[in-house]
Number of protein chains: 2
Amino acid sequence: MNKPATIKDIASYCGLSVATVSRVMNDKGPIKADTAERVRQAVDALGYAPSMAARALKTASSSVIGVILPSLTNPVFAETASGIQQRAREQGLTPIILSSDYDLSLERSAVATLLGYQVEGVLLTVNDAASSDALARLDKEGVPYCLMHNVPRQQVCGYIGVDNYRAAAEVAVYLADLGHRCIGMVSGDFQRTDRARDRHAGFLAGLRYRNLELAQLVQVDPVNAVGLTGEIHRVYEQAGSAPTAWFCSNDLLALATIAKLQLLGIRVPEDVSIVGFDGIQAGTLRQPNLASIRTPNAEIGAAAVDQLLTNKRGIPGQTGRTLGHQLLMDGTVAPPPDHLS
Amino acid sequence: MNKPATIKDIASYCGLSVATVSRVMNDKGPIKADTAERVRQAVDALGYAPSMAARALKTASSSVIGVILPSLTNPVFAETASGIQQRAREQGLTPIILSSDYDLSLERSAVATLLGYQVEGVLLTVNDAASSDALARLDKEGVPYCLMHNVPRQQVCGYIGVDNYRAAAEVAVYLADLGHRCIGMVSGDFQRTDRARDRHAGFLAGLRYRNLELAQLVQVDPVNAVGLTGEIHRVYEQAGSAPTAWFCSNDLLALATIAKLQLLGIRVPEDVSIVGFDGIQAGTLRQPNLASIRTPNAEIGAAAVDQLLTNKRGIPGQTGRTLGHQLLMDGTVAPPPDHLS
DNA sequence: CTGTTAGCGCGTTCAG
DNA sequence: CTGAACGCGCTAACAG
């Protein structure tokens, strides 16, 4: 690994001073066209890349932003990362993307890591915005940040997300108006993330609005849907009123639920309707399409970059906003079977 | 954004010299237990995080590794990124993950960006290892790298992947031995990536080994599967021998193909068998499971980190290796319908 | 065991 | 329009 060319190398190669080279690299101050050209040639010839480390040290600004996501493989966060990536590139920022694996201590250490890189700001999704050490640390250090997907009650530096509560309520009303009277919910452990809680609460509220109760609540490990098979089995084995519709707190759970139902010989949506949440691609790569709430995940990422930049410039005004969601109520959703409606 | 504490702040806070603080931070040299404790307290109190920029400048090593992937949302690369992330954390390295969006010029500029951060090395998947400017640049700068998913013919710094050719050939043989005689392939544009080419070539070879020809080749835009509907339609409208089995060069294409076939009233696998490639999660979240080749994507990422470290230490020996794949030949694969076998 | 100091590569004065 | 010199925060070498 031969050591990289420095600004000095360029300077001596051109017979100029480092100051002049620096000016050319940054388009600062008046430079003779001829000089600039010579420098560019040298840069090309020697493969010079300015050291971001030295630059950061000198200017006290790194053009790096930190990103902390619960998972890189979950399509929701992958799309978010992709949106961040793209917008950051446009803005001349380099993201350092870290995964917390839904682990609070990794959330904390990720913040610590990013602090060392003197990031301009941090974009992050935390398990629970109301009680996050990570956020507390960022507040304490005065590093601007923007939450993604979390829509906190308390005052925070910035946030971008969707209205999980409202969206879930809309699903409940939709299913009720379709004639469903016995409705269940499959949720990831909603003690763990504020999103799961909001979706649960919103769904209950929507049902109540139509004078319905939640007939069944199945809670499973959200990563591997551990226990789902058993629970589904249990519900449909006991005689009596099993739900004709299920709302699942995310699409991955919804797809898993459909697969389990099919194994029991239950047809979707003829016998049972299923609605997910997130609108991931896998849901559209099947027949019938998975009914879901589509959330603008990439836009959330991009908007978070913008929000961060706004905060940094100290522009007063809103600290965040919710983006619109979209009900995709076809495919795996249908009225209940005749005799049950 | 209050400015971060520096080593000097800690030093004066404790009434010590910066050197001592530095020693404590890096566990270097003998330190009185009491002194160390005082430093730790100060670090905690002031929220001090050593500046990676200054450290990199001084030590000429950044503990940052660069990562360039064609996409962050494709599950294959998302899993790879996740594997990298995890192993890098264990090794005290911080990855900077960039997406090239399958774009050659972004591939190049991503390398340029990473060079500025004095990365210890680069892990990357390129469109075509045999003709990559990005690789050429890395070679020229003497930056260690490790290809992921690309398994190049020429000598490179390092690589980790699966044997696409062999895996595809195994699928061909499997389908042939199941009784299929009329077999098609759905491929992403295989002029674009070496993986698609290898899979195509391997599949042809496997068929030839069983004295078969490829009955149909459908090429589509690999990102959105543009044109797939039309092509499938065309094949099954013309009377005569339509394939009883399709090999798709990745799972996303396979799932899209199944959906299209179902829209034409063709059942999978009763009428037509479908095999994908990659073994992504979406394939297992359906009934029947998608038949596929499972590739160890996260392990490829993790192994690439290891390979990079090996290369850096200049340990002689192999420059890379292929990891094993796994045939998952159930679910959407079955013998051809009786009258056609 | 601890302190002093040079210098990593760069951008930014201030002179010329 | 260009050059010389300083210092950002840190580690390593040397001194005590």
Side-chain angles (χ1 to χ4, degrees), chain A residues 1-40 42-43 46-64 92 113 115-120 141, chain B residues 1-40 42-43 46-64 92 113 115-120 141:
Chain A
M1 183 160 180
N2 43 32
K3 61 174 63 136
T6 76
I7 197 171
K8 271 190 195 165
D9 298 326
I10 303 295
S12 67
Y13 183 91
C14 301
L16 291 166
S17 74
V18 293
T20 305
V21 177
S22 172
R23 288 191 196 98
V24 173
M25 296 304 291
N26 303 303
D27 291 323
K28 291 243 175 93
I31 297 285
K32 249 199 326 194
D34 165 59
T35 310
E37 189 49 34
R38 266 165 61 210
V39 171
R40 283 188 224 298
V43 167
L46 305 191
Y48 168 65
S51 157
M52 298 310 282
R55 184 173 286 180
L57 204 54
K58 182 64 197 173
T59 64
S61 84
S62 59
S63 43
V64 171
T113 300
L115 255 18
Y117 288 96
Q118 316 240 71
V119 292
E120 309 280 340
E141 305 293 342
Chain B
M1 183 163 178
N2 42 29
K3 62 174 63 136
T6 76
I7 197 173
K8 270 189 194 166
D9 298 326
I10 303 296
S12 67
Y13 183 92
C14 301
L16 291 166
S17 75
V18 293
T20 305
V21 176
S22 173
R23 288 193 196 98
V24 173
M25 297 302 292
N26 302 303
D27 290 322
K28 291 240 174 95
I31 298 283
K32 246 199 327 195
D34 164 59
T35 312
E37 190 47 35
R38 266 165 62 211
V39 171
R40 283 189 225 299
V43 166
L46 305 190
Y48 168 67
S51 157
M52 298 311 282
R55 186 174 282 181
L57 202 56
K58 179 65 192 176
T59 64
S61 83
S62 59
S63 46
V64 171
T113 299
L115 256 17
Y117 288 96
Q118 317 242 69
V119 292
E120 307 282 341
E141 305 292 342

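Every value quoted in this text rests on a predicted model; they were computed, and no experiment measured them. Numbers restart at 1 for each chain; the letters A, B, ... are given by sequence-line order, proteins then strands.
Considering only side-chain atoms of A:T59, the nucleotide from C:dT2, C:dC10, C:dG11 that sits closest is C:dG11. The side chain of A:K32 approaches D:dC1 more closely than any other nucleotide in the set C:dC10, C:dG9, D:dC1. Distance from the side chain of A:N26 is smallest to C:dG11 among C:dC1, D:dA4, C:dG11.
Between B:T35 and C:dT2, a side-chain N or O to OP1/OP2 separation shorter than 4.0 Å is present. Listed pair A:K28 / C:dT12 meets the phosphate criterion, a side-chain N or O lying under 4.0 Å from OP1 or OP2. Proximity of A:K58 to the phosphate of C:dG9: no side-chain N or O atom is located under 4.0 Å from OP1 or OP2. Contact between the side-chain N/O atoms of B:S17 and the OP1/OP2 oxygens of C:dG3 is found at a separation under 4.0 Å. Phosphate proximity of C:dG9 to B:Y117: absent, as no side-chain N or O sits under 4.0 Å from OP1 or OP2. Between B:T20 and C:dT2 there is no side-chain N or O to OP1 or OP2 distance below 4.0 Å. Side-chain nitrogen and oxygen atoms of B:R55 include none within less than 4.0 Å of the OP1 or OP2 phosphate oxygen of D:dC10. Remark: B:S22 is not in phosphate contact with D:dC10, judged by side-chain N or O atoms under 4.0 Å from OP1 or OP2.
Look at NZ on B:K8: it is 14 Å from P on D:dT11, rounded to the nearest Å. C:dG9 atom C1' lies 10 Å from atom CG of A:D9, rounded to whole Å. Atom pair B:D27:CG and D:dT11:P shows a separation of 12 Å (rounding to whole Å applied). Protein atom CD1 of A:I10 is 13 Å distant from nucleotide atom P of C:dG9, rounded to whole Å. Rounded to an integer number of Å, the gap from CG of A:L57 to P of D:dC6 is 18 Å. The distance between atom CD1 of B:I7 and atom C1' of C:dT4, rounded to the nearest whole Å, is 14 Å. Summarising the geometry, the separation between NZ on B:K3 and C1' on D:dC8 is reported as 11 Å, rounded to the nearest angstrom. In this structure, CZ of B:R23 is placed 15 Å from P of D:dC10, rounded to the nearest angstrom.
Rounded to the nearest 0.5 angstrom, A:I31 CD1 and A:L16 CG are separated by 8.5 Å.
Looking at A:Q118 and B:P4, their side chains come closer than 4.5 Å, going by heavy atoms from C-beta outward. Within the 4.5 Å cutoff, no side-chain heavy atoms of A:R23 are placed close to those of A:V39. Using a 4.5 Å cut-off on side-chain heavy atoms (C-beta onward), B:L46 and B:Y13 make contact.
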**Study point:** Candidate pair A:M52 and B:V64, rule side chain to side chain contact (heavy atoms under 4.5 Å, CB included), full reasoning
**Key:** CA-CA 12 Å; A:M52 298 310 282; B:V64 171; over 6 Å; no
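When heavy atoms are screened at a 4.0 angstrom cut-off, B:A60 is found touching no nucleic acid atom at all.
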